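Heads up, the thing below is written out as structure tokens.
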Number of protein chains: 2
Amino acid sequence: MASTIKDVAKYAGVGVGTVSRVLNGSSLVSNETREKVRTAIRDLDYVPNTFARRLSLGKTLTIGVIAPWFTRPSVVERLRGIEQVLADTQYDLNIFNIETIERRKRCFADIVRYGKVDGLLVVSIIPNEEEAKKLKEANITTVQIDARGYFFSQVAIDDINGGMDATNHLIAKGHKNIGFISDYFSSNSLGNNSQEHRFIGYKQALEAIGLPIRSEYIRQCPHSREMARQNAHEFFALPDPPTAVFAASDTQAFGVMEAAQERGLQIPKDLSVIGYDDIEISAYLNLTTIRQPLLETGIQGTELLLRILASGSDVIEKIILPTDVIERGTTGPPRNLNIEN
Amino acid sequence: MASTIKDVAKYAGVGVGTVSRVLNGSSLVSNETREKVRTAIRDLDYVPNTFARRLSLGKTLTIGVIAPWFTRPSVVERLRGIEQVLADTQYDLNIFNIETIERRKRCFADIVRYGKVDGLLVVSIIPNEEEAKKLKEANITTVQIDARGYFFSQVAIDDINGGMDATNHLIAKGHKNIGFISDYFSSNSLGNNSQEHRFIGYKQALEAIGLPIRSEYIRQCPHSREMARQNAHEFFALPDPPTAVFAASDTQAFGVMEAAQERGLQIPKDLSVIGYDDIEISAYLNLTTIRQPLLETGIQGTELLLRILASGSDVIEKIILPTDVIERGTTGPPRNLNIEN
DNA sequence: CTGTTAGCGCCTTCAA
DNA sequence: TTGAAGGCGCTAACAG
């Protein structure tokens with residue numbers, strides 16, 4: 001059924017080597033022969049067997065992606081970008097979904113052990129030193145997406161800047177008492193520092209205009225609406241509660257909004273809320289937030305990996321993509337602004 | 001670096017054939033030899049090269065998944081189930097994301113052309129007759145998930161029953177005027193008939209208790225909140241508007257809720273709304289809905305495919321998974337129930 | 001420029 | 001029960 005390179009060679013009246021050469025774009029073929037081979041390929045509807053090719057080449061021609069929280073919309077969006085660029089290449093995609101720490105360990109171990117990928121895209125987590133070392137020993141070209149770190153090239157967001165933008169947006173509205181809720185800085189021990197960077201941005205924005213960093217305004221809790229809700233309630237119980245809250249993820253922003261509603265606070269009159277991510281529901285719930293170019297990180301990360309794979313370069317390249325403030329209905333001036341002035 | 005079957009053979013003092021035999025669990029090996037080989041494998045940390053294996057076997061040992069709307073939470077959940085069971089097998093996973101009709105055509109064509117998969121999982125769409133024929137000719141074992149049809153084995157939901165349950169839930173609350181909004185019955189020409197089945201369930205439930213099927217209560221529109229919103233407004237403008245609406249997807253239910261809000265209708269006092277799917281936000285928005293076991297369809301579909309691949313059976317097997325009514329805050333008795341009685 | 005041939009690593013006969 | 005050898009389809013080195 002499926003024809004082989006031999007069939008093509010026979011049909012075109014040439015040797016298999018020649019067919020292989022035109023297949024791989026070698027310039028050492030006369031135009032005439034090349035044409036003969038091309039028509040043979042077309043006539044026979046020949047498609048090279050990738051496995052034979054890989055075996056012979058000693059390459060896997062596949063890119064692995066290891067990503068946690070596979071179900072989160074933000075991750076899916078990145079995967080879409082990755083899939084999109086890989087679809088037009090000879091590379092296959094191999095997805096490793098990490099849901100637990102054990103699974104993470106096993107994934108990294110398997111990847112180097114089975115040697116089934118030439119390149120690896122690590123999404124939203126930072127390989128630790130040991131993992132990085134093994135990856136390099138196994139000669140697996142690695143690029144990180146949505147995480148900083150020192151070992152590999154990366155495509156990331158400037159989370160410090162994003163955190164600063166969010167905070168400045170609130171400051172520009174007239175807020176002085178600004179709360180901050182985020183996930184734990186190194187959530188799940190997965191080693192992503194985006195949360196911390198957003199916090200640093202928050203801090204720097206406040207410091208820049210001489211506002212105090214008040215520890216009672218700063219909270220970390222698991223990445224869920226529910227936990228954010230509980231923590232927001234503690235904000236409201238403060239003698240001098242914040243008039244605005246910057247949540248380091250939209251999901252947590254929703255928790256804050258829910259708590260506000262339960263407390264009878266109107267948004268944005270009594271409380272402003274700004275999130276981070278701009279996931280799909282955020283527009284629906286009218287949340288002001290920081291948008292990051294999710295799809296784009298997937299695309300650029302993959303292109304970067306492909307580039308490195310092709311060039312063999314080993315300089316570490318860092319691409320930083322910008323964030324945008326998306327202003328919707330959950331932020332406004334604080335209620336008592338006019339009274340104070 | 002990576003050791004080969006030859007290294008193992010030499011180390012164990014046997015021939016490569018023997019190593020291959022223990023690798024593949026042949027019984028034609030003495031226990032003693034088997035042990036020798038096993039320790040050799042362990043000592044050398046040997047892992048067989050899958051590509052060589054595949055080439056030799058003439059099998060791809062990979063499962064393809066073709067799925068539309070890759071970004072929808074419901075699809076992601078199914079993929080999770082698929083990935084989960086495949087992770088413990090020798091099979092690789094190859095995902096084809098369909099976003100347009102052209103892409104769909106190309107995917108099906110490529111899959112048979114390149115012959116890169118042994119088995120195929122088709123999610124939420126029904127292969128048409130031509131596609132089915134080609135798949136069979138190419139000897140690609142296929143299982144459908146979340147779609148009915150006659151060509152292949154499948155794991156699906158009983159959407160008729162689900163539609164009936166949704167409608168009966170409304171009826172039990174005392175509603176007699178029940179609207180129905182769904183996607184087009186064959187949306188995007190992708191050939192999924194779940195929408196139609198939900199409608200059939202709706203119709204049967206009404207008929208069962210002698211309620212009329214009123215065409216002005218039935219609307220189809222693109223799968224989006226916005227379009228559902230517009231259509232809901234047309235419901236409300238009716239001289240005798242429905243007191244409850246069954247939306248065939250949660251997304252559309254949100255559109256109905258939004259319209260109700262704009263119209264000043266209180267939910268569930270003035271209008272009951274029930275959705276379908278139980279996607280993640282639904283709990284947050286307190287939507288009563290029909291839950292379907294998404295992850296489970298992925299798991300069972302994959303297991304079914306693996307089973308067929310192993311047995312070579314060609315009887316068409318259909319697995320139907322149940323749905324559940326998840327009652328939350330958007331359904332209640334109609335306002336005028338007490339007046340009427 | 002082109003044909004021939006030796007692997008790539010594994011599985012599977014075929015003898016022994 | 002086991003070893004040796006041929007072949008899966010392709011690439012690359014070698015000779016011409």
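In this text the structure is predicted, and so the values were computed from the model without any measurement. Naming convention: chains lettered A, B, ... in sequence-line order (proteins, then strands); numbering from 1 in each chain.
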[X] has an atom [atom1]; how far is it from atom [atom2] of [N], in whole Å?
{"X": "B:K59", "N": "C:dT12", "atom1": "NZ", "atom2": "C1'", "result": "13 Å"}
{"X": "B:K116", "N": "D:dC10", "atom1": "NZ", "atom2": "P", "result": "13 Å"}
{"X": "B:K36", "N": "D:dG3", "atom1": "NZ", "atom2": "C1'", "result": "12 Å"}
{"X": "B:L55", "N": "C:dC11", "atom1": "CG", "atom2": "P", "result": "11 Å"}
{"X": "B:L28", "N": "C:dA16", "atom1": "CG", "atom2": "P", "result": "19 Å"}
{"X": "B:R54", "N": "D:dC10", "atom1": "CZ", "atom2": "P", "result": "17 Å"}
{"X": "B:N49", "N": "C:dG9", "atom1": "CG", "atom2": "C1'", "result": "6 Å"}
{"X": "A:Q90", "N": "D:dC10", "atom1": "CD", "atom2": "C1'", "result": "13 Å"}

Contact state string [nucleotides 11-16 of chain D, B base, S sugar-phosphate only, - no protein heavy atom under 4.0 Å]: BBB---
Salt bridge present between A:E99 and A:R104 (N-O < 4.0 angstrom):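 Not counted as a salt bridge, because no side-chain N and carboxylate O are separated by less than 4.0 Å.
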SB check B:R103 A:E83 (cutoff 4.0 Å):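 Here B:R103 pairs with A:E83 in a salt bridge, since their nearest N and O are under 4.0 Å apart.
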Using modelled atom types only, decide if a donor and an acceptor are shared between the side chain of [X] and the backbone of [Y] within a distance under 3.5 Å.
{"X": "B:K136", "Y": "B:F151", "value": "yes"}
{"X": "A:T60", "Y": "A:D118", "value": "yes"}
{"X": "A:K318", "Y": "A:G149", "value": "yes"}

B:D146 and B:S124: side chain donor to acceptor below 3.5 Å: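 Judged by distance alone, the side chains do pair up.
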Whichever of A:K6 and B:T33 has its nearest DNA chain D nucleotide further upstream toward 5':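 The residue whose closest nucleotide sits nearer the 5' end is B:T33.
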